[in-house]
Amino acid sequence: MQQALNQVSAIELINVSRRFISPTGKSLTALRDFNMSVERGEFVAVVGPTGCGKSTTLNLVTGLAKPSAGEVRLMGGPVNGIDPRVGFVFQTDALFPWRNVIDNVMAGPLFRGKSKAEAEKAAKDWLARVGLTRFLHHYPHQLSGGMRKRVALAQTFINEPEILLMDEPFSALDVQTRTVMHEELLKLWAERKASVVFVTHDLEEAVALADKVYVLTAGPATVKSVYKIDLPRPRVVSEIRYEQNFINYCKTIWEDLRQEVEASYRRASDAA
C-alpha cells in the first residue's frame with residue numbers, strides 16, 4: 001500500500017486549459033492542453049517567454065485559480081482550495097514589515113495551532129539553518145535583500161511543506177547573492193525533499209537547480225519540451241556552471257526556448 005502511495009505523483013496537470021476575461025472584456029487563454037507531472041521529492045524548473053502563463057501554472061496548483069478545462073491533482077487527489085501541504089515563495093518579499101524576523105517565521109506554526117514555545121523553538125532552529133541567529137529581532141527593512149530571502153525560506157520550510165512553489169524568488173538579487181541563495185535552497189531541499197516547481201526566466205538557474213526543466217511555448221502556453229537534467233547531486237552552483245555537461249544543457253535548451261521568445265516578441269510587436 002505504501003509503495004503504491006509513493007508512486008503517485010506529487011503534482012499532475014492533465015490537459016489543463018485556463019481562460020480569463022481581460023479588463024476590456026476580451027476572452028484570453030493563458031494555458032491550453034497543458035500537461036505536467038512532478039514526482040515526489042523532484043525539483044522541476046519551468047522556463048518560457050514573458051507572459052506565457054508560468055505563474056498561472058503555480059496559481060492552479062495552489063488552488064488560487066481553477067482550470068477552465070482539464071484536471072489538477074495533488075498527491076493523487078483533486079485540488080480543493082488552499083492546501084496546507086503547499087508552500088509558496090514569491091518574487092517579492094511576503095514578510096510582515098511590522099514584525100521582526102523571529103515573529104515573521106513563527107507566524108505559520110502559530111496559525112497552524114502550535115504553542116508559542118513550540119513555534120519559537122522551531123523558528124530559532126530554522127533561522128540558525130539559514131545563518132540568521134544574530135538577526136532574530138531585526139525588522140525586514142533592516143535586512144539586505146538576500147537576508148530577507150533567507151527569512152522567507154525559513155518562513156516557508158518551517159511549515160514542512162510537501163510541495164514547494166517558487167515564482168522567480170531570486171530575480172531581484174544581485175548575481176553573487178543569488179548564487180548564495182541557490183546553495184541555501186538546495187541544502188534545505190535536500191533535507192526536506194519537498195516536491196518543487198521553480199518558475200524562472202534564468203535558464204542557467206533552471207539547469208543548475210532542477211532535475212527536470214519544462215520549456216513552455218509562447219502564450220497560450222503548452223509544454224513544448226521536457227529535459228531531464230542528469231547532473232550529479234549534491235551540486236555546487238558556483239562551480240557547476242563551468243562544467244561542459246552544464247554548458248551543453250544550456251545550449252540545447254536555449255535553442256528550444258529562443259524560438260518561443262522570438263515568437264513572443266513578434267506577437268507583441270504585431271499587437272502594438
Would you check, one step at a time, whether the test side chain to side chain contact (heavy atoms under 4.5 Å, CB included) holds for Val223 with Leu216?
-> CA-CA 5 Å; Val223 175; Leu216 306 191; 4.2 Å; yes
Strictly distance-based, threshold 3.5 Å: is any side-chain N or O of [X] a donor or acceptor partner for the main-chain N or O of [Y]?
{"X": "Glu168", "Y": "Val199", "value": "no"}
{"X": "Arg18", "Y": "Leu31", "value": "no"}
{"X": "Lys149", "Y": "Pro169", "value": "yes"}
{"X": "Arg241", "Y": "Phe246", "value": "no"}
{"X": "Arg235", "Y": "Ala208", "value": "yes"}
{"X": "Lys54", "Y": "Gly48", "value": "yes"}

Verify the cluster assignment for [X] and [Y]: are they in a single hydrophobic cluster under the rule of side-chain heavy atoms below 4.5 Å apart?
{"X": "Val44", "Y": "Phe34", "result": "yes"}
{"X": "Phe111", "Y": "Val151", "result": "no"}
{"X": "Met166", "Y": "Leu58", "result": "no"}
{"X": "Val261", "Y": "Val213", "result": "yes"}
{"X": "Met36", "Y": "Leu164", "result": "no"}

Test Asp230 against Lys228 for salt bridge (charged side-chain N to carboxylate O under 4.0 Å, His left out), laying out the working first.
-> CA-CA 6 Å; Asp230 191 17; Lys228 180 174 172 53; 5.5 Å; no
Is there side-chain contact between [X] and [Y], with at least one heavy-atom pair below 4.5 Å?
{"X": "Val89", "Y": "Leu165", "result": "no"}
{"X": "Trp126", "Y": "Arg129", "result": "yes"}
{"X": "Leu185", "Y": "Phe198", "result": "yes"}
{"X": "Val16", "Y": "Asn35", "result": "no"}
{"X": "Phe43", "Y": "Leu186", "result": "yes"}
{"X": "Thr57", "Y": "Leu13", "result": "yes"}
{"X": "Val226", "Y": "Val215", "result": "no"}
{"X": "Leu136", "Y": "Asn100", "result": "no"}

Which atom names give the shortest non-hydrogen contact between [X] and [Y], and what distance separates them?
{"X": "Pro161", "Y": "Gly87", "value": "CB-N, 3.6 Å"}
{"X": "Ser195", "Y": "Gly41", "value": "OG-N, 2.9 Å"}
{"X": "Val72", "Y": "Val61", "value": "CG1-CA, 4.3 Å"}
{"X": "Ile163", "Y": "Ala10", "value": "CD1-O, 3.7 Å"}
{"X": "Pro109", "Y": "Ala119", "value": "CB-CB, 3.8 Å"}
{"X": "Gly146", "Y": "Leu173", "value": "N-CD2, 3.8 Å"}

From [X] [atom1] over to [Y] [atom2], what is the distance, rounded to the nearest 0.5 angstrom?
{"X": "Thr217", "Y": "Leu257", "atom1": "OG1", "atom2": "CG", "result": "11.0 Å"}
{"X": "Ile240", "Y": "Glu204", "atom1": "CD1", "atom2": "CD", "result": "11.0 Å"}
{"X": "Leu95", "Y": "Asp103", "atom1": "CG", "atom2": "CG", "result": "12.0 Å"}
{"X": "Tyr249", "Y": "Ile229", "atom1": "OH", "atom2": "CD1", "result": "5.5 Å"}
{"X": "Leu60", "Y": "Ile11", "atom1": "CG", "atom2": "CD1", "result": "11.5 Å"}
{"X": "Met106", "Y": "Ile102", "atom1": "CE", "atom2": "CD1", "result": "6.0 Å"}

Is atom CZ of Phe20 surrounded by more than 12 heavy atoms (other residues, nucleotides or ligands) closer than 6.0 Å?
-> yes
Counting only heavy atoms not in Lys193, do more than 12 sit closer than 6.0 Å to its NZ atom?
-> yes
Do Glu39 and Lys212 meet the salt-bridge criterion of a basic N to acidic O distance under 4.0 Å?
-> no
Salt-bridged, Lys251 to Glu255, with N to O below 4.0 Å?
-> no
Could you list the residues that satisfy side chain to side chain donor-acceptor pair (under 3.5 Å) with [X], not counting sequence neighbours?
{"X": "Lys114", "value": "none"}
{"X": "Glu183", "value": "none"}
{"X": "Ser68", "value": "none"}
{"X": "Arg32", "value": "none"}

Determine the interplanar angle of the Phe96 and Trp98 rings, folded into 0 to 90°, and report it as parallel if under 30°, tilted if 30 to 60°, perpendicular if over 60°.
-> tilted
Under the criterion side chain to side chain contact (heavy atoms under 4.5 Å, CB included), which of Val47, Asn248, Ile253 is the partner of Val207?
-> Ile253
Evaluate the criterion side-chain hydrogen bond (donor to acceptor under 3.5 Å, both in side chains) for residue pair Asp33 and Thr222; output intermediate values, then yes/no.
-> CA-CA 6 Å; Asp33 299 328; Thr222 191; over 6 Å; no
Could you list the donor-acceptor pairs under 3.5 angstrom formed between side-chain atoms of residues 153-160 and any protein atom two or more places apart in sequence or on another chain?
unit_1	atom_1	unit_2	atom_2	d
Gln155	NE2	Asn104	O	3.4
Thr156	OG1	Ala152	O	2.9
Asn159	ND2	Gln155	O	3.3

Can you name the residues that form a side-chain contact (heavy atoms from CB on, under 4.5 Å) with Pro78, not counting sequence neighbours?
-> Arg73, Asn80
Assess whether salt bridge (charged side-chain N to carboxylate O under 4.0 Å, His left out) is satisfied between Glu120 and Lys124, documenting all intermediate values.
-> CA-CA 6 Å; Glu120 184 175 3; Lys124 287 181 177 178; 3.4 Å; yes
Full working for side chain to side chain contact (heavy atoms under 4.5 Å, CB included) between Thr252 and Asp256 | CA-CA 7 Å; Thr252 301; Asp256 218 359; over 6 Å; no
Please test Arg233 against Trp189 for side chain to side chain contact (heavy atoms under 4.5 Å, CB included), starting from the C-alpha separation and ending with a verdict.
-> CA-CA 12 Å; Arg233 293 192 186 275; Trp189 170 72; 3.6 Å; yes
Side chain to side chain contact (heavy atoms under 4.5 Å, CB included) between Arg150 and Leu188, intermediate numbers included | CA-CA 11 Å; Arg150 292 186 187 195; Leu188 296 177; over 6 Å; no
